[in-house]
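Have a look at the structure below before the remarks.
Everything quoted here is computed from the prediction, not taken from an experiment. Indexing begins at 1, ligand by ligand and atom by atom, following the structure's order.
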Amino acid sequence: MDEKIENAVKLIKNSYQISVLSGAGISAESGIPTFRGEDGLWKNYRAEELATPQAFSKDPELVWEWYNWRRAIISSKKPNPAHYSCAKLEKIFNSKFTLITQNVDGFHRLAGAENVLEIHGNIFEVKCLKCNIIYEERSELDNKPLCRECDGRLRPNIVWFGESLDQNILTNVYDDLATTELLLIIGTSAVVYPAASFGALAKQNGAKILEINLTSTQNSQIADVSVQGKAGEVLPLIVDSL
Ligand code: BJW
Ligand code: ZN
């Protein structure tokens with residue numbers, strides 16, 4: 001076995017409580033475009049230009065067009081071996097396992113994981129700007145969707161730049177990062193805060209860090225083991241050796 005994989009297996013075996021922080025890279029092999037890098041553009045817009053409350057106020061139909069395009073892609077794809085390996089880890093560690101994801105595609109739950117903290121929301125949920133109701137909406141939407149309760153304007157239930165993350169979810173995240181013994185950081189460029197700081201925080205709190213990514217990131221420097229490769233290939237190798 002590759003030495004890095006062997007070391008990764010050891011890190012997991014030596015832990016009683018583990019956590020995962022995932023980003024867009026874990027869904028890349030499912031065929032979901034990541035945000036940054038070559039496939040991160042949509043009609044020449046960057047995510048930073050569309051995922052803001054200002055962009056939505058200025059041109060809600062454009063922002064909905066982007067989300068409807070992404071909703072359609074995600075609906076037509078499925079979880080990959082990396083998502084299933086995370087669910088397997090939860091089966092092994094039971095209540096001593098937490099999955100923190102920046103992804104809004106819902107693939108971790110679809111693959112069977114239960115203790116999932118979706119810190120940036122879920123693309124299949126909508127929020128009414130008039131009555132504030134949040135509900136799941138999987139059916140196809142037009143670019144000017146209205147609330148089923150009050151006819152108010154809907155937005156995606158997603159955390160945009162400049163918006164606060166849900167306080168209850170954040171409390172759970174920070175509680176977890178205070179006690180976890182190992183944080184697996186999978187497929188995130190670690191440039192968007194606060195998630196970009198979770199690795200360093202866990203490390204300060206005494207956790208070991210295992211990173212899986214195609215390239216190096218700011219987390220590579222603090223990682224105890226950093227494996228460069230595809231999550232859908234590397235993670236099953238590790239988990240199936242436990
Ligand atoms: C693979 C792979 C394979 C590919 N296998 N790997 C402190 C300092 C500076 C700025 C701030 C700060 N605190 C807050 C801010 C402002 C801002 C921010 O961070 N800005 C930065 C850009 C500098 N943060 C916020 O506004 C957050 N709110 C907040 O903090 O509120 C309080 C506050 C507000 C204002 C000021 C101060 C405090 C909210 C952030 C919300 C982010 N939302 C988005 C879009 C909405 C979701 C959606 O529509 O889907 O979430 S942005 C977008 O980036 C999305 C992602 O979840 C997020 C992270 O991206 P991710 O997952 O890392 O993807 P990529 O594409 O960047 O990387 C993919 C990685 O995978 C790469 O590394 C590849 O190599 C790898 N890879 N294939 C393994 N097969
Ligand atoms: Zn409403």
Side-chain angles (χ1 to χ4, degrees), residues 21-42 45-56 63-64 66-71 73-74 80-83 85 100-107 118-135 137 145-167 169-170 173 184-200 211-220 226-236:
L21 167 64
S22 68
I26 202 168
S27 294
E29 287 155 81
S30 292
I32 313 290
T34 60
F35 292 94
R36 293 160 192 90
E38 275 165 32
D39 61 352
L41 288 177
W42 175 78
Y45 293 98
R46 294 182 308 129
E48 284 81 353
E49 296 173 65
L50 294 163
T52 69
Q54 292 79 13
F56 188 72
V63 174
W64 264 116
W66 181 50
Y67 278 100
N68 284 334
W69 171 74
R70 291 177 51 207
R71 284 165 61 98
I73 294 178
I74 294 167
N80 69 59
H83 298 103
S85 292
I100 304 161
T101 188
Q102 298 169 84
N103 299 346
V104 298
D105 55 32
F107 279 2
E118 293 179 314
I119 64 169
H120 291 161
N122 188 297
I123 201 161
F124 295 108
E125 285 176 7
V126 291
K127 184 156 78 184
C128 176
L129 296 174
K130 198 166 158 198
C131 74
N132 284 321
I133 187 180
I134 293 171
Y135 60 93
E137 183 54 271
L146 298 177
C147 176
R148 68 175 182 205
E149 300 294 326
C150 79
D151 251 9
R153 192 177 271 268
L154 291 175
R155 60 165 280 177
N157 189 29
I158 297 268
V159 181
W160 285 328
F161 283 111
E163 294 185 322
S164 302
L165 282 68
D166 181 277
Q167 203 44 247
I169 295 179
L170 264 189
V173 167
L184 281 73
I185 306 180
I186 308 172
T188 176
S189 58
V191 297
V192 175
Y193 287 84
S197 63
F198 292 170
E211 185 188 47
I212 303 173
N213 199 306
L214 283 183
T215 61
S216 71
T217 72
Q218 61 157 322
N219 285 318
S220 311
S226 182
V227 188
Q228 287 204 1
K230 290 186 174 178
E233 294 171 3
V234 173
L235 196 58

Within the protein, is there a heavy atom lying under 4.0 Å from [atom]?
| atom | answer |
| --- | --- |
| atom 79 (C) of ligand 1 | yes |
| atom 33 (C) of ligand 1 | no |
| atom 4 (C) of ligand 1 | yes |
| atom 36 (C) of ligand 1 | no |

*Derivation and outcome, side chain to side chain contact (heavy atoms under 4.5 Å, CB included), residues F107 and N80*: CA-CA 9 Å; F107 279 2; N80 69 59; over 6 Å; no
Euclidean distance, [Y] [atom2] relative to [X] [atom1], rounded to 0.5 Å:
| X | Y | atom1 | atom2 | value |
| --- | --- | --- | --- | --- |
| I26 | I185 | CD1 | CD1 | 12.5 Å |
| F161 | T52 | CZ | OG1 | 9.0 Å |
| L21 | T188 | CG | OG1 | 6.0 Å |
| I73 | S27 | CD1 | OG | 12.0 Å |

*Work out the angle at the Zn ion (ligand 2) between SG of C147 and SG of C150, rounded to 10°.*
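Approximately 110° at the metal, rounded to tens of degrees.
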*Please note down the angle at the Zn ion (ligand 2) between SG of C128 and SG of C131, to the nearest 10°.*
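So the angle at the metal works out to 110°.
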Judging by distance only, is a nitrogen or oxygen of [X] under 3.5 angstrom from one on ligand 1?
| X | result |
| --- | --- |
| L165 | no |
| N103 | no |
| W66 | no |
| V104 | no |

*Would you call E163 and P53 a side-chain contact if the rule is heavy atoms closer than 4.5 Å?*
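The answer is yes; the side chains approach within 4.5 Å.
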*Mind checking whether A28 contacts ligand 1 via backbone (N, CA, C, O), side chain (CB onward), both or neither, at a 4.0 Å heavy-atom cut-off?*
side chain
Atoms of ligand 1 less than 4.0 Å from [X] heavy atoms?
| X | value |
| --- | --- |
| E29 | 3 (C), 5 (N), 80 (N) |
| P194 | 30 (O) |
| G229 | 5 (N), 79 (C) |
| A51 | 45 (C) |
| A24 | 61 (P), 62 (O), 64 (O) |
| A231 | 3 (C), 5 (N), 79 (C) |
| G23 | 62 (O) |

Mind checking whether [X] has a heavy atom under 4.0 Å from ligand 1?
| X | answer |
| --- | --- |
| A47 | no |
| G121 | no |
| R70 | yes |

Tell me which protein heavy atom sits closest to [atom], plus the residue, atom name and distance to 0.1 Å.
| atom | result |
| --- | --- |
| atom 11 (C) of ligand 1 | Y193 CB, 4.0 Å |
| atom 69 (C) of ligand 1 | G187 O, 3.7 Å |
| atom 1 (C) of ligand 1 | G25 CA, 3.5 Å |
| atom 49 (O) of ligand 1 | Y67 OH, 2.7 Å |
| atom 60 (O) of ligand 1 | R36 NH1, 3.1 Å |
| atom 74 (C) of ligand 1 | N213 OD1, 3.4 Å |

*Polar side chain donor-acceptor pair, S189 to T217, under 3.5 angstrom*: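 There is no such pair between these side chains.
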_What I want to check is whether the side chains of E211 and S220 have a donor and an acceptor closer together than 3.5 Å._
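Distance-only check passes for E211 and S220.
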Candidate with minimal heavy-atom separation from [atom], of [options]:
| atom | options | result |
| --- | --- | --- |
| atom 46 (C) of ligand 1 | I158, V234, I119 | I158 |
| atom 59 (C) of ligand 1 | H120, Q102, E163, E211 | Q102 |
| atom 22 (C) of ligand 1 | V191, V159, T215 | V191 |

*Working for side chain to side chain contact (heavy atoms under 4.5 Å, CB included), residues S22 and I100*: CA-CA 6 Å; S22 68; I100 304 161; over 6 Å; no
*Going through the checks in order, is the side chain to side chain contact (heavy atoms under 4.5 Å, CB included) test met by V63 and Y67?*
CA-CA 6 Å; V63 174; Y67 278 100; 3.7 Å; yes
_Aromatic ring proximity F56/W160, centre distance under 6.0 Å_ = yes
*asked:* Evaluate I119 against V173 for side chain to side chain contact (heavy atoms under 4.5 Å, CB included), listing each step before the verdict.
replied: CA-CA 9 Å; I119 64 169; V173 167; 3.8 Å; yes
*Before accepting this row, confirm whether a basic side-chain N of the pair K127/E137 lies closer than 4.0 Å to the acidic partner's carboxylate O.*
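No, no charged N to carboxylate O under 4.0 Å.
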